[in-house]
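Notes to accompany the following structure.
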Amino acid sequence: MKNRYDFSKGKRGRVLPPGPESEGKTRITIRLDQDILDRFFQMAEASGGTTGYQTLINAALREYLDGNVPKFEDTLRRIIREELKSSAA
């Protein structure tokens, strides 16, 4: 081995070309709050390793975009009805 190496003409970047992308998937960089990420990690762990955290994030985003998430107003009405019913009993 040499005592010194000259990297002055070196180029930054990948040593190997990137692998093929999965069909229908796009690699992105995203910043998420740590508490949100921790919850998805916990959910993935609770699945016993059958579902990864990225798959769970995709599913949550898809549900939201498809409108399958209960609306706030509907949830509030349900809670008020339950409280009124329990206080009347």
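Bear in mind that the values here come from a model prediction, so they are computed numbers and not experimental data. Both backbone and side-chain heavy atoms feed into the values below; hydrogens, waters and symmetry mates do not.
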Besides L65, the hydrophobic cluster formed by Ile, Leu, Val, Met, Phe, Trp and Tyr side chains linked at under 4.5 Å, directly or via other members, contains Y64, V69

Using a 4.5 Å side-chain heavy-atom cut-off and chaining through intermediate ILVMFWY residues, the residues clustered with M1 come out as Y5, F7

(message) I'd like to check the salt bridge (Lys or Arg N to Asp or Glu O under 4.0 Å) partners of R77; sequence neighbours left out, ordered by chain and number.
(response)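 R77: salt bridge (Lys or Arg N to Asp or Glu O under 4.0 Å) contacts with D74.
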
Please table the atom pairs, donor to acceptor, closer than 3.5 Å between any side-chain atom in residues 79-89 and protein atoms at least two apart or in another chain.
from: E82; atom 1: OE2; to: R78; atom 2: NH1; distance (Å): 3.1
from: S86; atom 1: OG; to: E82; atom 2: O; distance (Å): 3.3
from: S86; atom 1: OG; to: E83; atom 2: O; distance (Å): 3.0
from: S87; atom 1: OG; to: E83; atom 2: O; distance (Å): 3.2
from: S87; atom 1: OG; to: L84; atom 2: O; distance (Å): 3.1

Sorted by chain and residue number, the side chain to side chain donor-acceptor pair (under 3.5 Å) partners of S22 (sequence neighbours excluded) come out as none

Report, one line per pair, each donor and acceptor closer than 3.5 Å where one atom sits in a side chain of residues 26-46; sequence neighbours left out.
from: Q34; atom 1: NE2; to: D38; atom 2: OD1; distance (Å): 2.8

task = Output yes when a side-chain donor or acceptor of D6 lies under 3.5 Å from a complementary backbone atom of S8, and no otherwise.
result =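 Pair found, side chain donor or acceptor close to backbone of S8.
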
